[in-house]
Amino acid sequence: VVSCNAMIKLYAQQGDLNRARNIFESTPQTNAVSWSSMITAFAANGYLEQAKSTFDRMPRKNEVSWNAMLQAFAEVEQLEASLAVLQRMPLHNVVSLTSMISGYAQEGDVLGAKAVFDTIPEPDGIAYNALVGAYMKAGVLQEARELFQIMPEKNVVSWNAVITGYAENGEALQAKELFFEMTKRNVQSWNAMICVSQQLGRPDEAIAILELMPLHNAVSWNAAVEALASNGETAAAEKLFQKMPQKE
RNA sequence: CACGCCCG
């Protein structure tokens, strides 16, 4: 069963749902992990109906499967459906409520996000990060920053949420400032700086960052290409695009 | 081996 579940996950990551489903259906003794994996697999590939019917057919639903279903609705902004799941599930936890927060965040509903957050007895770092993200998404920069300042433990995601939030709201300099204050940065932090360079009209800086950063991914390359292209460096953008690795 | 937070 365990190896079947691992294969479901693998095929789902490749978007090969037919194979994932075949494995699932030929798994001898499906367990809760098999079912949840399949629900998530469908949802992650945009098959919400399939996710739902799998969930409905699941014999002994547990907390993870309820949460997976809730998240499946929340991530496509079907908040009414998410709420219905939340109300129907036997018991919800911080994971369920954090999914709701990110659902409200996507809608730009800060009040909804905050209201859910306030019902969490012991919010963890992820819940805080989700609320910071909700504030940033809605452009409520001051609230976001204040929450970031007072939150108990900040990880790299917390920092990135604020940095990219500033960047997306046109506060390129604030984003830069925080980036320099960060001690542990990941690819996403660096990618945010490429976007900042683009905003500041500094394609040269974008390239410098791309070369300087300790690790890239496909987003880094695309962001750098866009930084060039959007700042009138069409030829250089084209050249960089061709230099881009096939797989990263 | 399954669920929630950040970059195009």
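Quick note on labels: first sequence line is chain A, next is B, and so on, each numbered from 1. Since the model is a prediction, treat every value here as computed from it, not as a measurement.
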Side-chain (N67(A)) to main-chain (L70(A)) donor-acceptor, under 3.5 angstrom: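 Between the backbone of L70(A) and the side chain of N67(A) there is no qualifying donor-acceptor contact (under 3.5 Å).
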Check: K9(A) and S37(A) side chains under 4.5 Å, non-hydrogen atoms: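 No, too far: nothing below the 4.5 Å cut-off.
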Side-chain heavy atoms of Q50(A) within contact of L17(A), under 4.5 Å: no
Boundaries of the chain A footprint along RNA chain B (any atom under 4.0 Å from a heavy atom): C1(B) to G8(B)
Other residues, nucleotides, ligands: >12 heavy atoms within 6.0 Å of K154(A) NZ: yes
Sugar-phosphate only, base, or nothing, as touched by N155(A) at under 4.0 Å among non-hydrogen atoms: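 No contact at all - N155(A) keeps every heavy atom at 4.0 Å or more from the nucleic acid.
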Taking the six-membered ring for Trp and the single ring otherwise, decide whether the centroids of [X] and [Y] are under 6.0 Å apart.
X       : Y       : result
W66(A)  : F55(A)  : yes
F117(A) : Y128(A) : yes
F148(A) : W159(A) : yes

Cut-off 3.5 Å, no hydrogens considered: what does the side-chain donor-acceptor table look like for residues 170-181 of chain A, sequence neighbours left out?
unit_1  : atom_1 : unit_2  : atom_2 : d
K176(A) : NZ     : E205(A) : OE1    : 3.3

Once rounded to the nearest 0.5 Å, what's the spacing between atom [atom1] of [X] and atom [atom2] of [Y]?
X       : Y       : atom1 : atom2 : result
E211(A) : H216(A) : CD    : NE2   : 8.0 Å
I126(A) : I101(A) : CD1   : CD1   : 11.0 Å
M136(A) : E168(A) : CE    : CD    : 9.0 Å
E77(A)  : S102(A) : CD    : OG    : 10.0 Å
N186(A) : M213(A) : CG    : CE    : 9.0 Å

Please give me every residue in [range] whose heavy atoms get under 4.0 Å of an atom in RNA chain B, ordered by residue number.
range                       : answer
residues 221-236 of chain A : N222(A), E226(A)
residues 85-95 of chain A   : V94(A), V95(A)
residues 37-49 of chain A   : S37(A), T40(A)
residues 8-24 of chain A    : K9(A)

In one Ile/Leu/Val/Met/Phe/Trp/Tyr side-chain cluster, 4.5 Å: L111(A), L86(A): no
In one Ile/Leu/Val/Met/Phe/Trp/Tyr side-chain cluster, 4.5 Å: Y11(A), F42(A): yes
